[in-house]
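Contents: one structure, followed by commentary.
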Amino acid sequence: MAAAAAAPSKAEVLSLFRALLRTGRKFSDYNIREYTCRRAADAFRDNRALADAPAAAAAFADGKQQLEVAKRQVLVYSLYAPKAKSVVEMKIQ
């Protein structure tokens, strides 16, 4: 029988959240950058009330997987970044 998964500490959870936000800010495209940061905040907000250790550990493991996916996507998007900025990112003069 497998041992029960230990719940991640508060420091580990905050570190994962900050890493997801940092990775999200690396996207060159405005829409993807905002979506990634918004999705991370929404996921952490939804899982804030998890009380049992196995569910919290599963959510933490899923978050780590999402972080790895985001890191790979940042690399792919940087290879094929558009030359022009989005209209939303252009400065008004």
Side-chain angles (χ1 to χ4, degrees):
M1 184 179 275
S9 69
K10 184 176 180 178
E12 290 174 322
V13 172
L14 289 175
S15 175
L16 177 62
F17 182 61
R18 285 191 303 266
L20 280 164
L21 291 179
R22 265 194 309 272
T23 303
R25 286 192 303 259
K26 291 180 183 177
F27 282 103
S28 59
D29 185 72
Y30 172 81
N31 291 323
I32 297 168
R33 186 171 56 241
E34 291 299 312
Y35 171 78
T36 304
C37 293
R38 185 176 60 246
R39 178 66 183 98
D42 289 346
F44 275 82
R45 194 175 301 116
D46 291 343
N47 292 323
R48 180 187 314 173
L50 290 179
D52 56 336
F60 185 74
D62 183 52
K64 287 176 82 170
Q65 288 176 343
Q66 293 300 321
L67 176 61
E68 294 305 315
V69 169
K71 285 180 179 179
R72 287 192 303 268
Q73 288 302 102
V74 165
L75 178 64
V76 170
Y77 275 89
S78 70
L79 294 174
Y80 302 103
K83 303 287 186 230
K85 289 191 173 199
S86 172
V87 174
V88 177
E89 294 177 300
M90 291 183 183
K91 293 183 180 179
I92 299 175
Q93 295 180 357

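None of these values were measured; they are calculated from a predicted model. The first residue in the sequence is number 1, and the count goes up from there. Below, each value reflects all heavy atoms present in this structure, side chains not excepted, and no hydrogens, waters or symmetry copies.
Taking all atoms of both residues into account, the shortest heavy-atom contact from L50 to A55 is CD1-O, 3.7 Å.
Between R18 and S15, the closest side-chain pair of non-hydrogen atoms falls below 4.5 Å. With a 4.5 Å cut-off on side-chain heavy atoms, V74 and T23 count as touching.
For the atom pair CZ (R39) and CD1 (I32), the distance works out to 15.5 Å, reported to the nearest 0.5 Å. If you take CZ on R38 and CZ on R33, they are separated by 12.5 Å, rounding to the nearest 0.5 Å. Taken from CG in D29 to OH in Y77, the straight-line distance is 7.5 Å, to the nearest 0.5 Å. In this structure, the separation between OG on S78 and CD on Q73 is 10.5 Å, given to the nearest 0.5 Å.
Other residues sharing the hydrophobic cluster of F60, ordered by chain and number and joined by side-chain separations under 4.5 Å: V13, L16, F17, L20, L21, F44, L67.
Scanning for side-chain hydrogen bond (donor to acceptor under 3.5 Å, both in side chains) contacts around D42 gives R45, with sequence neighbours left out. Considering only residues two or more places apart in sequence or on other chains, A57 meets the side-chain contact (heavy atoms from CB on, under 4.5 Å) condition with A5.
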